[in-house]
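To start, the structure under review is shown below, and the notes come after it.
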Amino acid sequence: MAGRYNFTESEAKWQKRWDDDGVFRAAVDKSRPKYYVLEMFPYPSGRIHMGHVRNYTLGDVVARHRRALGYNVLHPMGWDAFGLPAENAARDQKIHPAKWTYDNIANMRGELKRMGLSLDWSREIATCHPGYYAQQQSLFLDFFAAGLVHRKEAFVNWDPVDHTVLANEQVIDGKGWRSGAPVEKKKLSQWFFKITDYADELLDALSTLDRWPEKVRLMQDNWIGKSSGAYVHWPVVGRSDKIQVFTTRPDTLFGASFVALSPDHPLTTELAAKNPELAAFVAKCQSMGTSAVAIEQQEKLGFDTGLKVQHPLVPGKQVPVWVANFVLMDYGTGAIFGCPGHDQRDHDFASKYGLPILPVVKAPDGAADVSKEPYVGPGTIFNSDFLDGLDVETAKVKVGERLKALGAGEPTTVWRLRDWLVSRQRYWGCPIPVVHCDSCGVVPVPKDQLPVKLPDDVSFDKPGNPLDHHPTWKHVGCPKCGKPARRETDTFDTFVDSSWYFARFCSPRSDKPVDNDAVDYWMGVDQYVGGVEHAILHLLYSRFFTRAMKQTGHVKLSEPFAGLFTQGMVCHESYKSADGKWLYPEEIERKSDDLVIEIATGKPVTVGRREVMSKSKKNVVAPVRIIGEYGADTARLFMLSDSPPERDLEWSEAGVDGAFRFIQRLWREIVEPETPFAPKGAAKPATLSPEAEAVWRQVHKTIAAVSENLEGFRFNVAVAQVRTLTNALSELDAKAPGADWVRRHGFEALVKLVGPMIPHLGEELWAALGHNTLLTLEPWPKADPALLIDDTITLAVQVNGKLRGTIDAKRDAGEDDVREAALAIPTVQAAMAGKPVRKLIVVKNKIVNIVV
RNA sequence: GCCCGCUUGAUGGAAUUGGUAGACAUACAAGACUUAAAAUCUUGAGCCCUUCCGGGCGUGCCGGUUCGAGUCCGGCAGCGGGCACCA
């Protein structure tokens with residue numbers, strides 16, 4: 001009766017051993033090459049989910065592989081611990097946010113530890129710990145002194161019920177996601193980081209990030225949104241001021257038929273003060289939804305102000321000034337000129353309000369009718385004075401020069417990227433360390449008074465910011481003049497916390513934000529692994545923060561993440577009961593291919609499509625349950641098998657079973673082999689049987705292939721190769737001369753190859769093979785190059801490109817021998833049907849193609 | 001609307017980057033072991049035609065380049081993602 005691998009016992013044993021021996025502790029060692037592996041740290045929601053299991057398994061494979069390759073590996077873990085859910089828990093369950101958070105951390109730490117990750121837990125950090133956020137405040141003060149921070153009025157999403165600003169993502173169809181109240185656009189004084197100072201550099205440096213996914217670089221490129229064009233000044237008739245517009249099509253300036261202002265433009269505001277109709281129009285625009293759907297369906301609306309502006313290049317030509325709902329105040333200058341002939345939106349607007357439509361660009365085929373549809377392609381300029389006959393691109397340059405010479409405008413670049421609004425009216429975040437003094441204005445808190453700690457005694461009974469309601473906390477003396485002053489009660493956006501944690505991990509207990517020696521050795525992160533959902537915000541903010549830290553002398557490099565890997569998500573079918581409630585996978589039973597029932601009621605269940613696991617649809621599987629039933633190695637192996645890591649992975653019980661079977665089988669093959677292996681360290685026999693020799697070659701080919709595939713993040717292929725080798729070693733006839741030796745050393749290599757993937761079983765098998773060292777500390781196996789090249793090669797023989805047979809030939813065999821052998825194959829002759837050879841192609845060691 | 005990616009058996013996927021398509025798994029079927037089940041082992045299978053031998057077709061669709069295309073080029077369709085009254 002075959003035994004069974006006791007994963008529960010084994011996994012606990014090896015985890016304890018690794019811990020006792022401190023094998024994952026990292027220390028600066030300048031004599032060795034370093035490798036910094038980091039996965040995006042989790043929000044402590046209370047439990048790990050399958051997304052975490054996948055993320056941390058991927059990172060752990062990299063970390064363990066690199067360690068075996070001789071690198072000094074830093075692989076830390078921490079907690080993105082500030083944020084709104086803790087406050088909601090406090091309000092709903094009457095638990096203090098700190099207790100809720102630290103309890104969650106304790107639970108999740110335990111769950112993560114059961115996965116057997118090779119983490120240096122001595123470096124654990126939580127962003128809500130004063131030891132962390134004190135240093136964040138210190139960084140803020142440095143940024144403040146360097147002019148990278150400013151406070152300005154901005155329109156923000158304000159939830160009038162919850163009394164807080166909301167991020168754009170928290171506004172759904174113009175309503176607050178929690179309260180459901182219509183969100184107001186409110187002008188508030190807010191703190192910003194000047195990320196736009198670095199817009200150019202953040203864009204340019206994208207091209208240096210050659211180990212980042214192309215997709216992510218592209219998304220950041222779009223997000224930064226560099227756009228070249230020109231400012232054009234339009235003098236207002238009868239007034240002394242000018243309206244400045246931005247355009248990317250200065251070449252179509254002669255086709256202008258109106259100028260349109262944003263409802264929020266200062267001139268609009270001024271005019272509306274004296275014009276109630278305009279004021280009503282502006283109010284209407286502002287009350288309209290800002291969601292994508294609302295905008296899509298919204299009609300273009302305009303209001304003629306009655307003002308005219310003088311065309312900058314055509315004396316005597318005047319165009320009307322309108323206010324239009326589609327002109328955004330926070331892009332460009334908040335004013336545009338409309339050229340209906342060559343812009344869809346302007347065309348819609350002009351058609352609606354009866355404004356002239358002038359063609360100024362001829363298509364290459366000479367077509368110039370724009371009365372029905374605007375023409376937006378390339379072409380030749382006409383109706384445009386000195387630009388006539390030029391192509392669009394040349395005309396843009398020419399008109400820019402002319403505008404500049406006349407003082408009527410200038411070429412410019414505008415960006416979609418806005419400054420980063422970092423203040424939040426919330427309690428559970430890092431306090432912004434400034435004081436507001438009636439005499440001195442905004443005064444930074446001196447560094448020796450940091451941290452500005454959050455008060456513990458807060459109440460969540462009232463809506464709004466508990467810091468603001470606190471009876472005493474905000475009342476302090478001004479650090480400058482000593483007079484009574486008020487603390488800033490806003491806290492930082494939690495994206496600030498995660499914008500530098502990777503640097504903090506280098507010296508997590510330092511009394512400075514970073515310790516130079518440590519950060520210069522460890523940074524940047526050689527391999528960062530995480531979800532693609534952070535492709536823009538977190539990664540862009542971190543890139544900005546690293547530059548700001550460089551400018552303020554904390555780090556020497558600009559880019560935090562040299563290598564980035566974005567993993568796919570974990571998906572599962574969803575289930576809905578007969579009465580329309582979502583059901584967990586364990587609440588259903590599959591009776592047959594098309595019958596699924598709810599266990600509790602026996603009623604049929606509607607099976608939904610595979611989609612990302614989410615609590616709201618209950619299509620989740622708890623990692624702890626899987627680890628308990630099958631073990632961490634099974635969970636890890638399943639995460640690595642089958643699906644390429646960058647693609648979505650479909651969770652299936654069958655897949656888990658498959659991984660579990662392989663674990664058990666590998667254990668049996670090595671711990672209870674049917675025939676014994678050669679003794680440990682036995683010398684290679686003088687001769688191996690041909691089969692044994694072939695398997696031994698396969699061992700080396702697998703070492704080479706797995707090494708390459710681990711490096712290239714093709715973990716699913718690496719797993720398949722490991723399985724193939726397992727099959728070969730197991731099928732090798734034990735009686736063949738040398739088989740016992742090949743089996744011992746083949747399995748030893750195999751165990752090393754699977755070590756990063758299924759480390760507990762790896763250790764168990766390494767010990768079973770008679771070793772008393774830790775597999776974790778063993779060097780990576782090396783493939784013998786001589787064994788990677790076969791002496792005989794099977795060549796495919798094609799006739800007219802179709803496979804008709806194969807021949808075995810010596811490696812690098814001469815063309816004549818190969819030709820002869822190929823032509824001698826009966827099936828090949830049959831396919832040739834007696835026709836003469838017209839052409840014969842021999843690709844060395846690959847293929848023969850006979851053309852008849 | 002703009003930009004990107006993907007499309008291979010029943011399913012997940014593999015294919016040395018132009019050279020034997022379907023590795024490795026999962027599911028399925030048949031068999032062995034078992035009182036039975038589980039576990040394990042063996043065998044089968046891209047589709048179609050054929051009693052055997054064998055043949056034809058086949059990587060979303062149409063076309064091209066090539067001795068040879070899943071792979072390169074052009075067009076189309078479907079699915080997914082990002083951005084979006086961005087001037």
Side-chain angles (χ1 to χ4, degrees), chain A residues 1-2 4 213-223 225 227 229-230 232 245-250 252 260 262 290 292 294-296 298-301 324-328 330-339 343-346 348-349 376 414-417 532-533 535-536 593 638 641-644 646-650 652-659 661-662 664-665 668 701 704-705 708-709 714 716-727 794-806 827 830-831 838-852:
Chain A
M1 181 64 194
R4 221 171 145 81
E214 180 62 36
K215 184 170 110 178
V216 173
R217 288 187 287 166
L218 202 75
M219 281 163 69
Q220 292 214 354
D221 194 318
N222 289 338
W223 186 263
S227 172
V232 184
V245 310
F246 171 74
T247 179
T248 55
R249 294 297 302 275
T252 64
S262 163
T290 51
I295 285 165
E296 193 73 47
Q298 229 167 68
E299 215 183 335
K300 293 193 180 15
L301 295 176
N325 65 338
F326 62 86
V327 182
L328 305 174
D330 49 4
Y331 183 78
T333 60
I336 61 162
F337 82 78
C339 176
D343 181 279
Q344 184 65 54
R345 208 183 27 205
D346 295 347
D348 295 348
F349 191 78
V376 295
V414 304
W415 306 84
R416 212 186 74 97
L417 183 69
V532 73
E533 65 274 18
I536 299 176
D593 274 358
F638 174 65
S641 305
D642 296 342
S643 285
E646 69 276 11
R647 280 204 223 163
D648 285 352
L649 171 120
E650 198 208 337
S652 73
E653 289 292 328
V656 180
D657 286 340
R661 275 201 294 272
F662 181 72
Q664 292 294 342
R665 176 177 168 208
R668 270 199 315 275
K701 286 179 193 165
E708 210 171 282
N709 285 320
R714 290 177 294 272
N716 57 320
V717 185
V719 169
Q721 285 158 339
V722 158
R723 298 181 108 128
T724 310
L725 181 61
T726 308
N727 293 344
T794 305
L795 285 92
V797 180
Q798 300 180 333
V799 177
N800 288 343
K802 280 195 180 119
L803 183 73
R804 297 297 175 184
T806 59
T827 50
R838 278 204 293 146
K839 199 167 174 186
L840 202 150
I841 291 142
V842 178
V843 180
K844 207 190 240 183
N845 300 329
K846 285 223 167 110
I847 203 163
V848 180
N849 193 4
I850 302 161
V851 186
V852 294

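Reminder, nothing fancy here: chain letters follow the sequence lines and each chain counts from 1.
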According to the Watson-Crick and G-U wobble definitions, with both distances under 3.5 Å, which nucleotide is paired to [N]?
| N | result |
| --- | --- |
| B/C72 | B/G64 |
| B/G5 | B/C79 |
| B/G58 | none |
| B/A27 | none |
| B/C52 | none |
| B/A38 | none |
| B/A45 | none |
| B/G22 | none |

Tell me the interatomic distance from [X], atom [atom1], to [N], atom [atom2], rounded to whole angstroms.
| X | N | atom1 | atom2 | answer |
| --- | --- | --- | --- | --- |
| A/D648 | B/U7 | CG | P | 14 Å |
| A/E708 | B/U17 | CD | C1' | 12 Å |
| A/W223 | B/C4 | CH2 | C1' | 17 Å |
| A/D642 | B/A15 | CG | P | 13 Å |
| A/F638 | B/G12 | CZ | C1' | 9 Å |
| A/Q721 | B/G13 | CD | C1' | 13 Å |
| A/N222 | B/G5 | CG | P | 12 Å |
| A/K844 | B/G18 | NZ | P | 20 Å |

For the pair [X] (side chain) and [Y] (backbone), establish whether a donor and an acceptor sit closer than 3.5 Å, ignoring hydrogens and angles.
| X | Y | result |
| --- | --- | --- |
| A/T827 | A/R804 | yes |
| A/S262 | A/L328 | no |
| A/N325 | A/L301 | yes |

Choose from [options] the nucleotide whose nearest atom is closest to any side-chain atom of [X].
| X | options | result |
| --- | --- | --- |
| A/I841 | B/C67, B/A87, B/C24 | B/C67 |
| A/R4 | B/U20, B/C83, B/A39 | B/A39 |
| A/A720 | B/C24, B/G82, B/G55 | B/C24 |
| A/Y331 | B/C86, B/A23, B/U20 | B/C86 |
| A/L328 | B/U20, B/C85, B/C24 | B/C85 |
| A/R723 | B/G55, B/C85, B/C24 | B/C24 |

Let me check something: any side-chain donor-acceptor pairs from residues 330-338 of chain A under 3.5 Å, sequence neighbours excluded? List them with distances.
from   : atom 1 : to     : atom 2 : distance (Å)
A/D330 : OD2    : A/R418 : NH1    : 3.2
A/T333 : OG1    : A/Q244 : O      : 2.7
A/T333 : OG1    : A/F246 : N      : 3.4
A/T333 : OG1    : A/A335 : N      : 3.4
A/T333 : OG1    : A/A335 : O      : 3.3

Does a nitrogen or oxygen in the side chain of [X] sit under 4.0 Å from OP1 or OP2 of [N]?
| X | N | answer |
| --- | --- | --- |
| A/R416 | B/A84 | yes |
| A/K802 | B/C57 | yes |
| A/R661 | B/A27 | yes |
| A/N716 | B/A14 | yes |

Could you give the distance separating [M] and [N] at their [atom1] atoms, to the nearest angstrom?
| N | M | atom1 | answer |
| --- | --- | --- | --- |
| B/C24 | B/G31 | C1' | 24 Å |
| B/U34 | B/C52 | P | 35 Å |
| B/A27 | B/G12 | P | 15 Å |
| B/G60 | B/G13 | P | 14 Å |
| B/G22 | B/C33 | P | 34 Å |
| B/G63 | B/A69 | C1' | 14 Å |
| B/C41 | B/G58 | P | 38 Å |
| B/U59 | B/U8 | C1' | 4 Å |

Sugar-phosphate only, base, or nothing, as touched by [X] at under 4.0 Å among non-hydrogen atoms:
| X | result |
| --- | --- |
| A/L218 | sugar-phosphate |
| A/V327 | base |
| A/R838 | nothing |
| A/K839 | sugar-phosphate |
| A/D330 | nothing |
| A/Q798 | base |
| A/R714 | nothing |
| A/T794 | base |
| A/T248 | sugar-phosphate |

Can you tell me if A/K215 has over 12 outside heavy atoms packed within less than 6.0 Å of its NZ?
no

Heavy-atom side-chain proximity of [X] to [Y] below 4.5 angstrom:
| X | Y | value |
| --- | --- | --- |
| A/Q344 | A/V376 | no |
| A/N709 | A/Q721 | yes |
| A/T247 | A/R249 | yes |

Which residues satisfy the side-chain contact (heavy atoms from CB on, under 4.5 Å) test with A/L840, sequence neighbours excluded?
A/R819, A/L823, A/V837, A/V842, A/V848, A/I850

Any residue in residues 845-852 of chain A with a heavy atom nearer than 4.0 angstrom to RNA chain B? Just list them by number, or reply none.
A/K846, A/I847, A/N849, A/V851

Decide whether A/R665 and A/N727 meet the rule of one side-chain donor and one side-chain acceptor closer than 3.5 Å.
yes

With RNA chain B as reference, determine whether A/L803 or A/R647 sits nearer its 5' end, using the nearest nucleotide of each.
A/R647

Please tell me which of A/P644 and A/G658 maps to the more 5' nucleotide of RNA chain B, matching each residue to the nucleotide holding its nearest heavy atom.
A/P644

Please classify the glycosidic conformation of B/G74 as syn (within 90° of 0) or anti (everything else).
anti

Spell out yes or no: do the side chain of A/K300 and the base of B/C85 have one donor N/O and one acceptor N/O closer than 3.5 Å?
yes

When you measure from the centre of the six-membered ring of A/F662, is the NZ or CZ of A/R723 closer than 6.0 Å and no more than 45° off the axis?
yes

Ignoring hydrogens, what is the shortest heavy-atom contact between A/A535 and A/M219? Give both atom names and the distance.
CB-CE, 3.6 Å

